[in-house]
Every structure is written in C-alpha cells, then in structure tokens.
Amino acid sequence: MEDKLQELVVELLGDGAMEYFIGYRQGFEPSHVVPCFVTDKSEADRLIWGPLCLQNLSKYVLQARDLDGKVGLLVKGCDARAIVELVKQHQIERDKIVVVGVPCEGQVDPRKMEQVLGVSMEQVTDVEDAGDEFLVKVGGEVSKLGKEQVLRDKCFYCKHPTSFDYDYTLGEVQPFTIDSESEEYDAVEKLEELPLEERRAYWLKQFERCIRCNACREVCYGCYCKECIFDRTDPRWLDRTPLPRENEIYHLIRAVHLAGRCIDCGECERVCPVNIPLGRLYKKLQKDIAELFDYEAGMEYDTVPPLVDFELDDQDPFL
Amino acid sequence: MDRKKISKADLGRWLDTIAGKYELIGPTEDEGIIQFGPVQSSAELTLEYANSLIPPKSLFFPPVESLFAFRKRGEEIQLEETKPLQQDRVIFGIRNCDVGSLSLLDRVFCDDLEDSYYRERRERTTLIALACPTPPRSSCFCTTFGIDPLSPAGSDILLTDVGDVYLVDAVTDKGEELVALGEGLFAPLTEGEEKELQPPPVDMPQLDVRELRERLEALWEDEYWEKLSLPCLGCGICTYVCPTCHCFDISDVGSTSDGVRYRCWDSCMYSDFALMVSGENPRPTKRERTRNRYFHKFSTFPSRYGTGYACVGCARCLVHCPGGVEITEVIKDISAKEGVSDR
Ligand code: SF4
Ligand code: SF4
Ligand code: SF4
Ligand code: SF4
C-alpha cells in the first residue's frame with residue numbers, strides 16, 4: 001500500500017494537482033510516527049502507512065486557506081469526519097483538499113501496548129497488521145497481540161474505517177474481528193453512576209495536573225477560531241495561570257464549545273503530555289448529543305451540528 | 001571528599017533521615033507519568049524512570065506562582081510578599097541534563113537582573129543527582145552538548161548505580177552535610193572496589209554542533225523555516241517540557257482592590273506571544289516562531305549570556321511534539337546546509 005501511496009503522491013505533485021501532500025513518516029525511532037509534509041516528489045519515498053499512524057492530519061487542511069493551490073492528505077475514515085465538519089462549518093472549501101482515503105484496520109494505543117508488553121515503545125521496532133491481531137517486534141522477537149488488547153478506544157466502535165468521501169482511495173478494509181464485549185459508552189456510564197460530588201472531584205483531580213500547554217486545543221480540528229476566548233486579553237475571560245479553578249473553567253469551556261462538533265478523533269487525549277483522560281469527557285458530550293439531538297458529527301454533509309443550528313420556532317423561554 | 005558507597009537497602013533509610021530535616025523531593029509516578037514532587041518518605045519514590053516529563057526546572061521556576069498579594073483600602077495599598085519556600089529542600093534523583101539546565105537558568109535569573117524567588121529556591125536546595133541508567137533512552141543526546149550523564153558537575157552529590165550499591169560523590173559542603181546525616185550508612189571504597197565498581201560507559205549518538213551557530217545564523221532568511229514549521233501546531237508542549245525554556249507571563253487575578261499577582265509559564269510558540277498593544281506582531285506566522293525557538297537556543301542565548309548552547313539534549317521536545325518537529329533533525333539539517341543565504 002505504501003508503494004501505491006508514494007506513486008500516487010509523485011503523480012499528483014507532478015501534475016500540480018496539489019501544492020503539498022500530508023502523510024506520515026517514521027520519526028526518531030521506529031515506533032514513533034510523525035506527520036510528513038511532502039513538498040517535492042523526491043521526498044515521497046518517506047511516506048509510510050501502518051497501525052502507528054495515529055495523528056489526525058485533517059486540521060492541517062486549514063493551511064490551504066493561504067495557498068493558491070490545494071493540499072492533499074492521507075485520511076483515515078475517522079479523520080475524514082473532521083474534514084466533513086470543517087467543510088460544513090465553512091472553514092475550508094472541499095475543492096481545496098485532495099483526499100486520499102486509506103483503509104484502516106485499527107490503530108495502536110501506545111500506552112496500552114506498553115502496559116501489555118511491559119516494555120517501553122522505544123524497544124518496539126515494528127508493528128504489523130495481521131487481521132485480528134498485530135505482529136509486534138521487540139528485540140528481534142515477534143509476538144502476536146490480539147487487537148482487543150491494544151487498539152485505541154475509538155477503533156473499537158469505528159463506523160467507517162475508510163472515508164466515504166475521497167478523491168482517491170488506496171483500497172478496501174479487510175474484515176477483522178475484535179474480541180471484546182465492551183460497549184461504546186461503558187467508561188462514560190461508569191462515571192455517570194457516581195454521585196455528582198464524586199464525579200466533580202474526579203474531574204477536578206484530573207484537571208489539577210493540566211499545565212495549560214494548549215496542545216489539546218491546538219490539535220483539535222474544531223478549535224479554529226481566529227481569536228480564541230482563552231487568548232482574549234481585553235476583557236480577560238480566563239487567566240492563563242494553571243490554577244485549579246482556571247483549569248476547570250478552561251476544560252468546561254472547551255467541552256461546551258465542542259459539543260456536537262467533536263468527532264471522537266481522540267487527538268486531545270493522545271497529545272496531552274500529562275495524560276488527562278479527555279477522551280472520556282468528550283465521549284460524554286457525544287453521548288448526550290446523540291441522545292438529545294440524534295446527531296453524530298462528521299457522518300454526512302447535509303446536516304448541521306445541533307448547537308450551531310436554530311429554527312425560528314425554537315423554544316427560548318430564557319431570552 | 002573521597003568516593004563512598006551506600007547499599008541499595010540503606011538508600012531509603014538515608015533519604016528518610018533527610019526527609020526528617022528537609023523537604024524531600026524526588027521522582028514519583030502518578031497516572032503513568034513521572035513527576036518530581038515532595039514526599040513524606042522514601043517509599044513514595046520510584047527508581048524506575050528515565051526522566052520526568054516536566055523538568056525539575058519547575059521546582060525553581062514553577063508553572064504558576066504567586067509573587068505577592070495586594071489589597072486596597074481607601075487610599076492605602078497593602079502588599080503581602082509570598083515566601084517561595086517554607087523549608088530547605090533536597091531534590092533527589094535529578095538527571096544531569098536537568099542539572100545542566102539549571103546552570104543556564106542561573107544566568108537568566110541570577111545575573112544582573114536578579115529574581116529573588118528563583119534565587120532563594122536555588123540557594124535553599126541541595127541536589128542529589130542520580131547517574132542515568134545505561135543504556136540511556138534511545139532519544140537522549142545530552143553528550144552532544146558536553147553533558148556527561150555520569151559526572152557530579154553542577155550537583156551537590158552524585159549517586160551512581162553499580163549493582164548492589166550506589167557510588168557516592170559528595171562534591172560540595174551542602175552535599176557533605178547530607179552524607180553526614182547518614183552516619184554509619186556510608187562506607188569508603190576498598191582499593192579493589194575503586195577499580196571494579198565502575199558504571200558502564202555511556203554510549204549515545206552524538207551530533208556535530210561545532211559550527212551549528214554560524215551555520216544557523218547564515219540561514220535567517222532561508223526557506224527552510226517555512227517548510228520546518230508546516231507540521232507545527234503552535235501548541236506549547238516543546239517549551240513547557242524544555243528544561244531551559246524560561247519565558248513567563250504575569251497577571252493579576254482577583255479585583256483591582258483585592259488580588260494576587262501571579263507569574264506563569266508562557267510559550268514563544270503561541271501566536272500571541274509577541275503581539276504588541278499596537279496590534280503589530282513581529283512573529284506573525286509559525287515560520288517566524290519556529291525560527292525564533294531555534295535561534296534562541298543556538299544563537300541568541302549563547303550570545304546574550306556568553307554560554308554554550310541553550311539545549312541540554314534531554315529530548316523531551318523530540319519525544320512529545322505532536323507535530324513531529326524533531327530538534328535532532330533540525331540540528332542535522334542546519335549542519336548539512338552550506339551557508340546559502342545572505343543574512
Ligand atoms: S494538552 Fe493536557 S496539559 Fe495541555 S492544556 Fe490540554 S489538558 Fe492541559
Ligand atoms: S475534542 Fe478531542 S476528540 Fe473531539 S474533535 Fe477535538 S481533538 Fe478530537
Ligand atoms: S514544535 Fe511541536 S511541540 Fe512545539 S509548538 Fe510546534 S507542534 Fe507544539
Ligand atoms: S532537547 Fe528540547 S526540551 Fe530538551 S533542552 Fe533541548 S530544546 Fe529543550
């Protein structure tokens with residue numbers, strides 16, 4: 001699949017069909033995969049694809065706003081939901097983007113893999129997809145890990161592993177099974193069962209660790225405001241100091257702003273350097289939005305996120 | 001002082017004695033991350049770590065700290081100073097890259113413009129460094145910047161794990177005071193042990209940085225920065241995890257009549273970092289901001305303070321950057337470029 005991808009990118013760059021292509025390359029060690037911006041045909045051979053291509057690259061398409069031409073990118077089915085939303089939310093024209101869809105059979109959660117293997121990812125030299133399991137190489141030895149042990153949370157409930165909207169595609173997903181009984185909202189429901197005060201205490205304890213590096217905001221496709229409320233200095237709505245009460249407000253504001261738009265890409269949780277389980281917070285929002293409005297973000301083009309929509313006969317007793 | 005040894009079993013006892021007299025700070029693990037934090041007893045410490053996520057600079061220059069509280073009653077303004085420390089402290093387990101970073105931060109906070117908060121914390125803290133495990137993490141590149149993971153330079157005591165015992169090098173008076181607290185726990189080395197008990201040599205890739213500054217300075221207008229900054233998200237991770245980054249922001253929290261003046265970390269990678277009241281922003285895009293970060297590390301800081309490079313090769317930014325902007329690649333790229341552009 002990598003050959004096919006590299007050939008396609010060479011062709012598209014050669015035709016001038018796009019200014020650059022965004023995919024993945026290996027980083028400083030084999031298990032560390034990072035975004036790769038291919039601006040020249042000669043660099044296309046750095047592109048890779050596999051179960052460690054974790055990043056959702058979709059937010060980078062906003063950079064095409066400043067370009068005359070288009071940007072191309074490699075898109076997993078889950079990440080395509082961000083593109084759908086960005087287009088729907090009028091942040092970018094669909095025709096500024098060349099979508100190369102890739103069939104994804106599940107991505108590895110490195111933190112889970114480290115726990116299962118009992119070694120750090122730096123010792124993992126290769127992870128290969130083999131249907132229902134991953135073949136993992138550590139120090140020359142290959143072991144098999146069932147997907148249910150190490151998949152990213154979101155992959156368990158993936159609804160379209162290949163994008164429904166693409167300009168080019170690298171193929172079809174081969175069917176595989178995940179040996180798991182857990183349900184999509186299990187973790188959320190467990191938290192929901194706690195009494196209010198305990199639930200609050202749980203989140204406050206998590207937020208206390210936050211250093212307010214803003215990475216969760218910057219990585220989120222939905223945080224594209226020209227001037228974020230957190231950056232306003234006049235008036236200062238929220239202080240930059242990472243004090244517990246400011247942190248709490250920071251996370252609540254971001255959550256509310258993403259309600260109905262969060263596409264469950266899991267990027268905020270993945271990049272957080274202090275392991276705050278943001279995925280759980282955003283999963284709760286998705287659950288509420290699904291229950292209240294029967295809406296799932298990024299699944300089709302012809303609906304509008306419920307909280308940015310209105311109808312003239314909406315009830316508005318509070319106005 | 002001569003090299004001594006302490007058995008692994010006695011280490012905890014020594015640290016507990018220290019904890020009775022000082023505030024003891026060391027590596028702990030919580031929610032899967034290693035942090036330096038205060039502990040009541042040595043049992044709370046972990047020794048299974050390469051390094052902490054947030055560098056121990058945070059113990060001298062905290063992510064957020066109150067500088068003073070103010071109160072206005074009528075025409076009268078009262079100020080209440082914040083005491084940075086209640087008690088003298090001992091930091092156990094600091095690694096040598098981070099020890100090296102403190103000597104760089106000393107230049108910033110204790111040279112001509114003295115920062116009393118930082119200085120008090122520095123003066124009232126004793127450092128027990130722990131030589132790095134061999135082999136080090138594959139990402140580490142401290143030796144590139146002349147840091148020796150096995151040297152006591154910059155700390156008060158260096159402990160080196162050589163199997164059943166730690167070698168103990170107390171190199172300052174403060175260090176010797178701590179060793180004296182552990183009476184009976186330390187033993188001198190026999191002649192045979194002097195030779196035998198040696199840590200394995202450190203083996204890590206070393207980058208050539210001899211001409212880095214000159215080559216970098218020739219690249220100010222190069223298109224390299226545009227390309228390099230494409231994957232940057234403009235988050236602050238690289239600066240927040242960096243032991244040598246030291247930018248901060250100051251704000252008053254509360255009301256104009258009752259409040260606290262805080263200082264907290266800031267990041268040059270934020271789009272509004274250089275934004276001025278006039279609306280002018282001298283670093284308007286990621287290109288300028290990314291370029292600034294590397295210039296500051298490899299050119300501005302060394303020329304301002306007359307030091308070596310302001311990077312200690314801890315690799316935190318390398319490992320944690322969500323965009324995959326890799327400082328080791330940047331160093332290689334710059335070194336590989338001929339002085340192409342005019343400045
Ligand atoms: S990424 Fe984590 S530490 Fe950074 S602001 Fe978000 S929650 Fe806080
Ligand atoms: S809130 Fe988190 S999971 Fe949701 S879209 Fe943003 S980055 Fe992705
Ligand atoms: S270089 Fe990496 S860590 Fe630094 S601001 Fe850019 S994306 Fe964030
Ligand atoms: S490797 Fe990165 S984080 Fe570490 S000192 Fe150098 S610039 Fe800072």
Side-chain angles (χ1 to χ4, degrees), chain A residues 20 22 24-30 32-37 39-40 54-55 57 59-60 63 66 71 111 114-115 120-123 205-206 209-220 226-228 231-234 236 239-243 245-246 267 270-277, chain B residues 30-33 35 50 53-54 58 62-66 137-139 141 223 226-241 249-254 260 262-267 269-272 275 277 285-286 315-316 318-329:
Chain A
Y20 53 77
I22 314 163
Y24 304 92
R25 68 171 169 90
Q26 193 201 299
F28 70 91
E29 62 190 12
H32 194 80
V33 175
V34 298
C36 178
F37 282 64
T39 50
D40 190 276
L54 307 176
Q55 287 91 350
L57 303 170
K59 190 174 191 184
Y60 288 125
Q63 297 184 184
D66 305 328
V71 301
R111 288 168 189 157
E114 288 190 333
Q115 275 194 340
S120 112
M121 284 305 280
E122 95 180 69
Q123 302 188 42
K205 180 165 180 290
Q206 300 294 336
R209 280 205 304 285
C210 174
I211 55 172
R212 295 275 292 287
C213 64
N214 286 322
C216 50
R217 174 186 73 175
E218 296 304 332
V219 80
C220 179
K226 272 217 177 84
E227 190 177 15
C228 173
D231 295 336
R232 286 293 294 263
T233 47
D234 189 17
R236 206 13 140 192
D239 215 75
R240 190 169 267 172
T241 46
L243 297 165
R245 57 161 192 262
E246 310 285 322
E267 285 296 89
R270 187 183 63 80
V271 300
C272 175
V274 293
N275 295 1
I276 297 180
Chain B
D30 186 26
E31 306 274 349
I33 47 176
Q35 300 272 44
L53 170 83
I54 302 294
S58 65
V64 54
E65 68 182 309
S66 143
R137 274 183 313 189
S138 65
S139 48
F141 62 109
E223 56 193 29
E226 182 77 41
K227 173 97 196 262
L228 179 71
S229 66
L230 284 174
C232 172
L233 296 160
C235 72
I237 288 187
C238 53
T239 54
Y240 281 21
V241 298
D249 193 5
I250 287 182
S251 57
D252 291 346
V253 177
V260 177
Y262 283 99
R263 156 161 83 182
C264 67
W265 291 354
D266 200 350
S267 172
M269 299 307 270
Y270 292 148
S271 55
D272 64 352
L275 182 66
V277 180
T285 72
K286 295 194 293 183
R316 286 182 177 95
L318 175 66
V319 174
H320 295 289
C321 170
V325 180
E326 301 182 299
I327 189 167
T328 41
E329 290 302 302

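As the structure is a computational prediction, the values presented were derived from the model and not from experiment. Computation of the quantities below employed the complete heavy-atom set of this structure, encompassing side-chain atoms and omitting hydrogens, waters and symmetry-equivalent molecules. So you know, we letter chains A, B, ... as the sequences are listed, proteins then strands, and number each from 1.
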*Between B:Leu230 and A:Thr39, is any pair of side-chain heavy atoms under 4.5 Å apart?*
yes
*Going by the salt bridge (Lys or Arg N to Asp or Glu O under 4.0 Å) test, name the single residue among A:Arg236, A:Arg217, A:Lys226 that passes it with A:Asp231.*
A:Arg217
_Closest non-hydrogen atom pair between B:Leu233 and B:Gly323, with its separation_ = CD1-N, 4.4 Å
_Measuring only between side-chain heavy atoms, which start at C-beta, is B:Ile33 closer than 4.5 Å to A:Arg209?_
yes
_A:Asn214 and B:Tyr270: CA distance, side-chain angles, deciding distance, side chain to side chain contact (heavy atoms under 4.5 Å, CB included) verdict_ = CA-CA 9 Å; A:Asn214 286 322; B:Tyr270 292 148; 3.4 Å; yes
*Pick whichever of A:Ala215, A:Pro277, A:Cys216, A:Cys36 has the most heavy-atom pairs under 4.5 Å with chain B.*
A:Ala215
*asked:* Counting heavy-atom pairs under 4.5 Å with chain A, which one of B:Gln35, B:Glu326, B:Met269 comes out on top?
replied: B:Glu326
_Option in B:Glu31, B:Glu329, B:Glu65, B:Lys286 with maximal non-hydrogen atom pairs under 4.5 Å from chain A_ = B:Glu31
_Students often mix this up, so state it plainly: with edges at 30° and 60°, are the rings of A:Phe37 and A:Tyr20 parallel, tilted or perpendicular?_
tilted
*asked:* Is B:Ile54 close to chain A through its backbone or its side chain, or both, or neither, when contacts mean heavy atoms under 4.5 Å?
replied: side chain
*For the candidates B:Gly234, B:Ala50, B:Ser271, which exhibits the highest count of non-hydrogen atom pairs separated by less than 4.5 Å from chain A?*
B:Gly234
*asked:* I need the residue from A:Gln123, A:Gln115, A:Gln206 with the largest number of non-hydrogen atom pairs under 4.5 Å to chain B.
replied: A:Gln206
*Using non-hydrogen atoms and a 4.5 Å limit, figure out which bit of B:Arg137 sits close to chain A: side chain, backbone, both or neither.*
both
*Measure B:Val325 against the heavy atoms of chain A and call it side chain, backbone, both or neither at under 4.5 Å.*
neither
*Could you tell me whether the side chain of B:Ser58 reaches within less than 4.5 Å of the side chain of B:Trp265, counting heavy atoms only?*
yes
*asked:* Between B:Asp272 and A:Arg240 (salt bridge meaning N to carboxylate O under 4.0 Å), is one present in this structure?
replied: yes
_Test log, rule salt bridge (Lys or Arg N to Asp or Glu O under 4.0 Å), inputs A:Glu267 and A:Arg270_ = CA-CA 5 Å; A:Glu267 285 296 89; A:Arg270 187 183 63 80; 2.8 Å; yes
_Shorter than 4.5 Å, heavy atoms on both sides: which option in A:Lys59, A:Arg212, A:Gln55, A:Glu114 has the most such pairs with chain B?_
A:Arg212
*Against chain B, label A:Asp239 side chain, backbone, both or neither, depending on which of its atoms sit under 4.5 Å from a heavy atom there.*
side chain
_Shorter than 4.5 Å, heavy atoms on both sides: which option in A:Glu227, A:Arg111, A:Arg25 has the most such pairs with chain B?_
A:Arg25
*Please look at B:Ser139 and chain A and tell me whether the side chain, the backbone, both or neither of the residue comes under 4.5 angstrom of a heavy atom of that chain.*
both
*asked:* Heavy-atom cut-off 4.5 Å, strictly under: side chain, backbone, both or neither for A:Phe28 against chain B?
replied: both
_Option that, when pairs with chain A are counted at under 4.5 Å, heavy atom only, ranks first among B:Gly324, B:Pro231, B:Pro322, B:Ser251_ = B:Pro231
